[in-house]
Amino acid sequence: TAKGERQFEILGHGFLMLGYFLALNRYLINRKVVYAGIALLLLLVQFKCGFRTLIGVAILVTFIMVVRLIKMTPRDFALIFALMIVAAGLSQYRAVSYTIEKMITKTQENVKQGDDYVRNIEMEYFYKVYPRNMSYYVIGGGKAAGRNLYKYDYNMANAHLNFNIVWVDIGLLGFYIVVGGIALLGMLWWVFKAIFTRLPRSMVYLSFYFLYLFLASFTNEEIFRDGIFSVHAIALYLIDLRVKEPPVPDNTNRQQ
């Protein structure tokens, strides 16, 4: 039913949201308007893509991050009020309002489809038709390798070509059944470690970035999309550098 539908795909998308949370983190600490402007610009790019899950999770994690970093002083309440006004103003911007309206309409259509919704079909296929034996539930069935897939498994190729049944649409659940439970546990080990590692206020954007990746990856491939592991490595490296440093007071008034 979605044949012919188009959505923007941003190259370097992992850096887009890492940059967004970095700018937001610095604004909430230093209150420099330039960081707020950068964060809003990057969030607008996210809106332009029109992916409902990514936008919704970005807003949710932003809210959690704001609550985590502000101290609820009168100035902070004024900041929240100002952010709400800015958000309301942006929602009236033509490109943003059009995207929001389109997402609402699409969600309503998906709800009406019920069991015929593509992700419900994909879930049923990959957990009832795709597995040939119990090993698929442990080590996965194997990631597709270009045209080798068509010669190896005719049924899988037929499902993909004729019905657009793809495993990345069911995110981590698809990763589990195709790439394997061992690989999934390994990836989630460093993701949760990054989320729960204690970091200074100037670096919490790294934890929130991994929280965003995890929450956004139940309906898409955000946490394991092509190229994203380079961003994982950079963020983990920054966390590792901080963990290995001797403890020092976190000077929130100094630009990091």
message: Counting only heavy atoms from other residues, nucleotides and ligands, does the tally under 6.0 Å from CG of Asp226 exceed 12?
response: no
message: Grouping I, L, V, M, F, W and Y whenever their side-chain heavy atoms are under 4.5 Å apart, do Leu188 and Ile182 come out in a common cluster?
response: no
message: Please report the interatomic distance CG(Leu199) to CZ(Phe208), rounded to the nearest 0.5 Å.
response: 10.0 Å
message: So does Lys32 get a backbone contact from the side chain of Asn30, meaning a donor-acceptor N/O pair under 3.5 Å?
response: no
message: Please check: side-chain N/O of Asn220 versus main-chain N/O of Gly171, any donor-acceptor pairing under 3.5 Å?
response: no
- prompt: In terms of ring plane angle, is the pair Phe196 and Phe192 parallel, tilted or perpendicular, where the classes change at 30° and 60°?
  reply: parallel
message: I need the Tyr27 OH to Leu69 CG distance, nearest 0.5 Å.
response: 12.5 Å
- prompt: Quick check: does any side chain N or O of His232 sit under 3.5 Å from a backbone N or O of Trp190, one acting as donor and the other as acceptor?
  reply: no
field: Leu41 reachable from Phe21 in the ILVMFWY side-chain graph, under 4.5 Å edges
entry: no
- prompt: Judged by atom type as modelled, is there a donor-acceptor pair below 3.5 Å linking the side chain of Arg119 to the main-chain atoms of Thr219?
  reply: yes
query: Is there a chain of hydrophobic side chains (I, L, V, M, F, W, Y, each step under 4.5 Å between heavy atoms) that links Tyr130 to Ile139?
result: no
field: Donor-acceptor pair between Thr62 and Tyr20 side chains, under 3.5 angstrom
entry: yes
query: Shortest non-hydrogen contact from Ala194 to Leu236?
result: CB-CD2, 4.0 Å
task: Check step by step if side chain to side chain contact (heavy atoms under 4.5 Å, CB included) holds for Tyr35 and Leu22.
output: CA-CA 9 Å; Tyr35 293 131; Leu22 169 60; over 6 Å; no
message: Donor-acceptor check, side chain of Tyr127 to backbone of Leu173, threshold 3.5 angstrom: yes or no?
response: yes
- request: Heavy atoms only: give me the nearest Ala58-Leu43 pair and the separation to one decimal.
  value: CB-CD1, 4.3 Å
- prompt: With under 30° as parallel and over 60° as perpendicular, where do the rings of Phe224 and Phe175 fit, or are they tilted in between?
  reply: tilted
field: Geometric class of the Tyr176/Tyr137 ring pair [parallel <30°, tilted 30-60°, perpendicular >60°]
entry: tilted
Ile239 side, atom CD1; Lys193 side, atom NZ - distance, nearest 0.5 Å: 10.0 Å
